[in-house]
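Working notes, beginning with the structure itself.
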Amino acid sequence: MSIYDTLNHEQQTAVFHTEGPVLILAGAGSGKTRVLTHRIAYLIEEKGVNPWNIMAITFTNKAAGEMRERVDKIVGFGSESIWVSTFHSSCVRMLRRFIDRLGYDTNFTIYDTDDQKTLMKDICKRLDIDTKVYKERAILAAISSAKDELISPEEYEINVMSDFSKRKIALAYKEYQKELKKNNALDFDDLIVKTVELFRACPDVLEYFQDRFQYIMVDEYQDTNTAQFKFVSLLADKYRNLCVVGDDDQSIYKFRGANIGNILGFEKVFPDAKVVRLEQNYRSTQNILNAANQVIQNNMERKRKSLWTENAEGEKLHFRQFMNAHEEAEYIVGDISKKVREHDGEYRDFAILYRTNAQSRLFEEKFLMANIPYKLVGGVNFYARKEIKDLLAYLKTVDNARDDLAVRRIINVPKRGIGATTLGRVQDYAAERGMSFYDALREADQIPSLGRAASKVEPFVTFIQTLRSKLEYLSPSELLKDIIENTGYVEELRAEGTEEAEARIENIDELITKVVTYEEENEEPTLSGFLEEVALVADIDSVDGDDNQVLLMTLHSAKGLEFPYVYLAGMEDGIFPSYMTITADDPTEIEEERRLCYVGITRAMKDLTLTCAQQRMIRGETQYNKVSRFIKEIPRDLVELGRNFEEKKLKEIPLPTSYRQMKEAFKQPAFVPKQFEVKKASGLDYGVGDTVKHMKFGVGVVTAITEGGRDYEVTVNFDKAGIKKMFASFAKLKKVQ
DNA sequence: CCATCCACGTTTTTT
DNA sequence: ACGTGGATGG
């Protein structure tokens, strides 16, 4: 009995076919990750392939982490030398080694969307581009899609000669790349583009990596763009052992440049490709799967494929329509609460999925009121917060003095009396001499136009120089603490005394924790390493099944995940499918929305609820929406409609004050509900030695109560379940007389 | 040079 | 409804 016996026939075919190009068309829930991990094991154990020669590429760090974990479990020896990583981090790793061949420094900085925007704004000003006519975002989007297609600024310029407004963009693109290089920075797209460029410019480097990665596997292949395709095909060109896994029905990133042609045309590029179809679904019930199949069938452009399952028929899908979005949210939150009370599942078994991030707000509000732990994925990125960006800018400045953006961000934070005028003069001086902004600052006393302002600059320069000299013997976390102390950043916030400032301090504490965690997890922690990790995290990466919380996220973020209970909220024409795609000329856009719907439905394992509202506030305006066309594509007999929603409102809750106030009141990390505070103030109604009752574990005796930061941690010796530690506010323990 | 106020646009999705 | 960023006045 080998580990491969547990695979079905098609899965085995995919695992055993190790040589040459392979295309695995894997439907939702068909066990593709299992196939990939088993394939890696098979390569090593049966084919004698050196783990060192294997590479697996995913899109998110979370997916990479999960695969790594599973590979570690299944491969006995040498699994740590397999490269399991995302496109972006693979490229960074390669570039850190060789990018000097392209005239960049190997300690380059990675710009996020915020940085890009700041830089573009600057460029527009310089090029005299009116940002009211050409918005930075639009220009950046154009540049990004050019990069996705590997179109250089020069090529772009030639292509758009005839179009006036595009000529402007071409100009901006050129300037933008020039600035990036000057700042020794790369944006997200550059990470891939520059790697391809490197491969093309330096055959020896390409061959080095080709020999290194003789077996390459790519997950979520339907979401690769042209640049990523080129990256992969160049790498695989020598040994041709390329195995790609994907599902064209789950291609949902066209807006980000994903080229569905990569998967649809794989057999054209590799005529000798072995094609394997995984069509047995192990995740969902018949009903859920049937609904998904029926919906996706309305798309014209797709590979033939139909999912089936041996699972039970299961419950029917539920559909509910409400008067407004409040009732919708209340119903869903109430339903989850009820199901958990009735032991149908734990909080972690539930997920609410929606089309736009803005829809999350109401759910948050209701979860806070109902005191249910939840986790919001997405929204405002932790690393996009002001205080975090400020401190990171300090670290970046120390790490790479050529990053003008970072230097300019912090030169007057905290206030050093250096204003726009001074900045402009330094900038001019730097531009004249072709030096970096920071280098110009270092010789501030030699800039005649500065006058007295030069004396204000000096302490800043000295400070940075001191930090840099400490770089050798201070760890990143010590450096960060040094910065916080010397700038008085936290002190200043503390002096403010507002709740908002408190929240910022908490965020800073969290940043420190993250640096320390980074140092613990890496053998050779470096400042550059930390900054790089920070630049490449996605929201979804922080989702951890260990926390018992309801998950809230967009449909896009949910790809690749599964939950016993799924709620698809906001099933309305105009929301989902979005207004943009309904009104678009291009009919394929609606197909992409439908694929998104397919992704949503197939996340559910046993229970799927679809909801919509008749009216909904959007940007302060009330909208009236029809039921989503996708709902109508689901056969009626698969759906249970339910009586009109009559359940009592979540009891005795004072009417919601404004959302802002709510947030203020509960401003802990989002998932820590209010009750902590309440409980602490009022104390517990049981103590050590008392007998208590728990919903799930039954009766037990309290052996200890410790005071945690925000809650009491109670240790109980249960008659049946043994000793458990739990937080008082979640455990809902009742004293038994 | 800095703080405050108002107008505007933003939202479809993100590595 | 909300936050950002520009304009304005101190």
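Lettering follows sequence order; numbering is per chain, from 1.
Out of B:dT13, C:dA1, B:dT15, the shortest distance to the side chain of A:F255 is found at B:dT13. Between B:dT12, B:dT14, B:dT15, one nucleotide has an atom nearer to the side chain of A:R355 than all others, and that is B:dT12. Comparing atom distances between the A:S557 side chain and each of B:dT14, C:dA1, B:dT13 picks out B:dT14 as nearest. Ranking B:dT15, B:dT12, B:dT14 by closeness to the A:S578 side chain, first place goes to B:dT12.
Atom CD1 in A:I590 sits roughly 14 Å away from atom C1' in B:dT13 (whole-Å rounding). In this structure, A:L536 atom CG and B:dT15 atom P are separated by 11 Å, rounded to whole Å. Residue A:D190 contributes atom CG, which lies 14 Å from atom C1' of B:dT15 at whole-angstrom precision. Distance, A:I252 CD1 to B:dT12 C1': 12 Å, rounded to whole Å. Taking atom CD1 of residue A:I192 and atom P of nucleotide B:dT14, one finds them 18 Å apart after rounding to whole Å. Between the CZ atom of A:F87 and the C1' atom of B:dT15 there is a distance of 11 Å, rounded to whole Å. Across the protein-nucleic acid pair, A:L555 atom CG and B:dT14 atom C1' stand 14 Å apart, rounded to whole Å. Taking atom CZ of residue A:R256 and atom P of nucleotide B:dT13, one finds them 13 Å apart after rounding to whole Å.
Scanning all heavy atoms of the two residues, the minimum distance from A:K230 to A:V196 falls at CG-CG1, 3.9 Å. The two residues A:M120 and A:A172 come nearest to each other via the heavy atoms SD-CB, 4.3 Å. A pairwise comparison of heavy atoms in A:A558 and A:L353 identifies CB-CD2, 3.7 Å as the closest pair. Contact between A:F59 and A:E220 at its shortest, heavy atoms only, is CE1-O, 3.3 Å.
Rounded to the nearest 0.5 Å, atoms OG1 (A:T109) and CG (A:L405) are 9.5 Å apart. Put simply, OG on A:S144 and CD on A:E149 are 10.5 Å apart, with the number rounded to the nearest 0.5 Å.
Of the options A:K121, A:K389, A:R408, a salt bridge (Lys or Arg N to Asp or Glu O under 4.0 Å) to A:D115 is made by A:K389 and by none of the others. In summary, of the residues considered (A:K626, A:R355, A:R629), a salt bridge (Lys or Arg N to Asp or Glu O under 4.0 Å) with A:D573 occurs for A:R629 alone.
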Polar pairs (N or O, both sides) under 3.5 Å between protein and nucleotides 8-11 of chain B?
| from | atom 1 | to | atom 2 | distance (Å) |
| --- | --- | --- | --- | --- |
| B:dT11 | OP2 | A:R137 | NH1 | 2.1 |

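The side chain of A:T581 places no N or O atom within less than 4.0 Å of a non-bridging phosphate oxygen (OP1 or OP2) of B:dT12. Contact annotation: A:N357 side-chain N/O to B:dT12 OP1/OP2 distance is not under 4.0 Å.
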Exercise. Under the side chain to side chain donor-acceptor pair (under 3.5 Å) rule, what do A:N262 and A:Y221 come out as? Steps first, then yes or no, please.
Key: CA-CA 8 Å; A:N262 288 347; A:Y221 187 67; 5.0 Å; no
Exercise. Show the numbers, then the answer: is there a side chain to side chain donor-acceptor pair (under 3.5 Å) between A:N299 and A:Y598?
Key: CA-CA 11 Å; A:N299 274 5; A:Y598 176 78; over 6 Å; no
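Using a 4.0 Å heavy-atom criterion, one finds that A:T422 contacts the sugar-phosphate atoms exclusively. Residue A:F59 is classed as a sugar-phosphate contact, given heavy-atom separations below 4.0 Å to backbone atoms only.
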Quiz prompt | Nucleotide-resolved protein contact map, nucleotides 4-10 of chain C, B/S/- at heavy-atom distance under 4.0 Å | solution = --S----
